Amino acid sequence: MIFALETSVNSKSGVSARCRSVDSNLRGRTLNSMHAKCSDSNEKTGMARRTFLGTALLTGGVLLARGSDVIFGAGSSGSSNVATNPTWKLGGDLTVNRLGFGAMRVTGEGIWGWPADRGNALKVLKRAVELGVNLIDTADAYGPETSELLIAEALYPYPKGLVIATKGGLTRPGPGEWVPDGRPEHLKQAVDGSLKRLRLERIDLYQLHSIDPKVPMEESLGAIKEMRDAGKIRHVGLSNVEPDEIERARKIVPIVSVQNRYNIEDRKSENALVYCEKNNLGFLPWFPIGGTRGLKHENALNAVAKTHGVSIFQVALAWLLERSPVMLPIPGTSSVVHLEENIAAAKLKLAPEEWKAINALAS
């Protein structure tokens with residue numbers, strides 16, 4: 001976690017033409033917005049990003065040179081963000097640094113096939129771990145399959161403590177298409193396929209990528225529960241869901257996390273976040289810095305970015321981290337430079353008045 005689907009898709013009508021319809025408003029919004037999720041704003045809005053870098057690279061470079069402990073702010077105080085709450089216990093037993101990495105953008109253009117520069121994709125994954133990231137999010141639909149294969153190629157044998165979260169339940173019949181498949185037989189095959197590609201005996205976090213409107217949730221999650229009971233899954237999460245769906249799901253199998261679209265300007269999942277806070281579930285926001293369109297360069301974002309000598313994207317990540325202790329952002333990128341900028345954002349502390357001004361930008 002992520003961040004349309006093809007570069008030629010430039011409007012909602014264009015997206016609709018390339019994506020199969022779904023039988024509910026929620027799922028329709030989810031699949032349409034996933035097109036935008038697929039284009040990383042780090043790359044697509046590069047010029048806007050660089051406008052605000054200023055001393056960001058210098059600041060980030062200092063932090064990176066001092067190591068991941070400093071980046072994640074262990075032992076510091078005075079802020080509610082990563083500095084004072086650098087980690088989260090996923091499922092109560094998996095300690096992860098709150099700023100993770102979404103591995104969708106390491107695939108080819110349009111999240112289809114292999115990347116143009118395979119070596120660079122491997123370098124990005126390795127650098128993420130070097131910087132202290134120990135939560136990597138992926139899915140069998142990314143590529144499809146190539147994201148999981150690249151993770152194993154870059155990082156296996158995995159360092160101790162690395163949590164790889166993957167997802168199943170969305171299929172890719174072709175470029176630009178994301179089609180739900182929540183049939184139990186498909187999900188069981190999907191779990192086995194992810195295990196093989198990732199070279200794992202057990203998946204730490206397996207998430208239902210999207211509820212299939214044609215299949216009762218109880219059947220889909222029942223299959224995932226079977227795989228969990230068989231020892232192939234450690235913890236179960238959900239993606240693209242509403243609070244009532246989370247509640248229903250928890251009656252079938254223990255749920256430890258939710259992954260929904262959420263950023264400064266798009267807070268339609270606010271109720272789901274609040275539910276996660278009340279029930280001690282991790283919340284993984286995809287689209288954390290605005291996707292293809294990027295974040296609007298509102299005055300509050302500009303002002304805070306200039307004050308701290310960083311980019312508006314770093315400010316956006318800092319805002320998310322301070323928004324809630326259960327927030328686990330997973331920004332994705334195919335650039336090592338942008339990866340380093342994103343991770344450096346974990347050290348950024350916003351003053352209360354800055355946070356309030358940014359918070360007021362909700363659409």
Side-chain angles (χ1 to χ4, degrees), residues 1-4 12 15 24-42 45 80-82 85 88 98-100 102 137 207 210-211 237-247 255 257-305 311-332 342 345-346 348 350-363:
M1 69 197 184
I2 305 181
F3 286 172
K12 289 184 178 179
V15 168
S24 73
N25 290 334
L26 170 65
R27 233 58 62 195
R29 292 198 309 271
T30 294
L31 293 180
N32 284 341
S33 62
M34 287 188 73
H35 289 274
K37 178 182 177 185
C38 294
S39 296
D40 180 14
S41 62
N42 291 4
T45 56
S80 62
N81 74 348
V82 168
N85 186 22
W88 173 261
R98 288 180 55 214
L99 191 56
D137 178 80
Q207 304 153 96
S210 180
I211 296 173
L238 301 172
S239 184
N240 305 308
V241 288
E242 296 284 1
D244 64 317
E245 294 170 321
I246 306 171
E247 189 70 23
I255 300 297
S257 65
V258 170
Q259 184 174 155
N260 277 13
R261 172 172 168 160
Y262 189 91
N263 58 54
I264 286 174
E265 296 172 350
D266 183 351
R267 301 183 218 173
K268 294 182 179 69
S269 287
E270 190 74 30
N271 289 339
L273 172 58
V274 171
Y275 182 97
C276 289
E277 290 174 327
K278 291 180 179 178
N279 292 278
N280 207 37
L281 308 181
F283 186 87
L284 288 68
W286 61 262
F287 225 163
I289 51 179
T292 307
R293 296 163 294 166
L295 295 169
K296 297 174 185 175
H297 296 174
E298 303 283 0
N299 290 336
L301 276 175
N302 287 345
V304 174
S311 72
I312 61 170
F313 304 101
Q314 289 170 301
V315 174
L317 289 172
W319 178 87
L320 283 171
L321 290 166
E322 294 196 28
R323 166 61 186 83
S324 172
V326 308
M327 191 79 76
L328 307 174
I330 44 171
N342 290 341
L348 178 60
L350 302 179
E353 59 273 16
E354 292 175 328
W355 194 92
K356 288 178 68 175
I358 295 169
N359 194 55
L361 297 177
S363 56

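Everything numeric in this text was worked out from a predicted model, so none of it was measured.
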Strictly distance-based, threshold 3.5 Å: is any side-chain N or O of R98 a donor or acceptor partner for the main-chain N or O of L321? yes
Please tell me if the side chains of W319 and E354 come closer than 4.5 Å, counting only heavy atoms from C-beta onward. no
Residue pair F287, Y262: steps toward the side-chain contact (heavy atoms from CB on, under 4.5 Å) verdict: CA-CA 6 Å; F287 225 163; Y262 189 91; over 6 Å; no
With a 4.5 Å heavy-atom cut-off, do L350 and I358 have their side chains touching? yes
Straight-line distance of Q207 CD to I255 CD1, nearest 0.5 Å: 10.0 Å
Begin from the C-alpha positions of E245 and N240 and carry the test side-chain contact (heavy atoms from CB on, under 4.5 Å) through to its verdict. CA-CA 10 Å; E245 294 170 321; N240 305 308; over 6 Å; no
Give the intermediate values and the outcome of side-chain contact (heavy atoms from CB on, under 4.5 Å) for residues V241 and V258. CA-CA 8 Å; V241 288; V258 170; 3.8 Å; yes
Determine, stepwise, if the pair E242 / K268 fulfils salt bridge (charged side-chain N to carboxylate O under 4.0 Å, His left out). CA-CA 10 Å; E242 296 284 1; K268 294 182 179 69; over 6 Å; no
Residue pair E277, S324: steps toward the side chain to side chain donor-acceptor pair (under 3.5 Å) verdict: CA-CA 8 Å; E277 290 174 327; S324 172; 2.8 Å; yes
Less than 4.5 Å apart, side chain to side chain, heavy atoms only: is that true for L317 and P288? yes
Distance check, rounded to the nearest 0.5 Å: S311 atom OG versus N302 atom CG? 11.0 Å
Would you say Q259 and L238 make side-chain contact, with heavy atoms under 4.5 Å? no
Go through L273 and V326 one step at a time and tell me if the side-chain contact (heavy atoms from CB on, under 4.5 Å) criterion holds. CA-CA 8 Å; L273 172 58; V326 308; 3.9 Å; yes
Keeping the roles fixed (side chain from N279, backbone from L281), state whether a donor-acceptor pair exists under 3.5 Å. no
Can you tell if the side chain of F283 reaches within under 4.5 Å of the side chain of L328, non-hydrogen atoms only? no
Are W88 and M327 side-chain neighbours, meaning at least one heavy-atom pair lies under 4.5 Å? no
Taking the side chain from N342 and the backbone from Q314, do they hold a donor-acceptor pair closer than 3.5 Å? no
Could you tell me whether the side chain of S257 reaches within less than 4.5 Å of the side chain of L284, counting heavy atoms only? yes
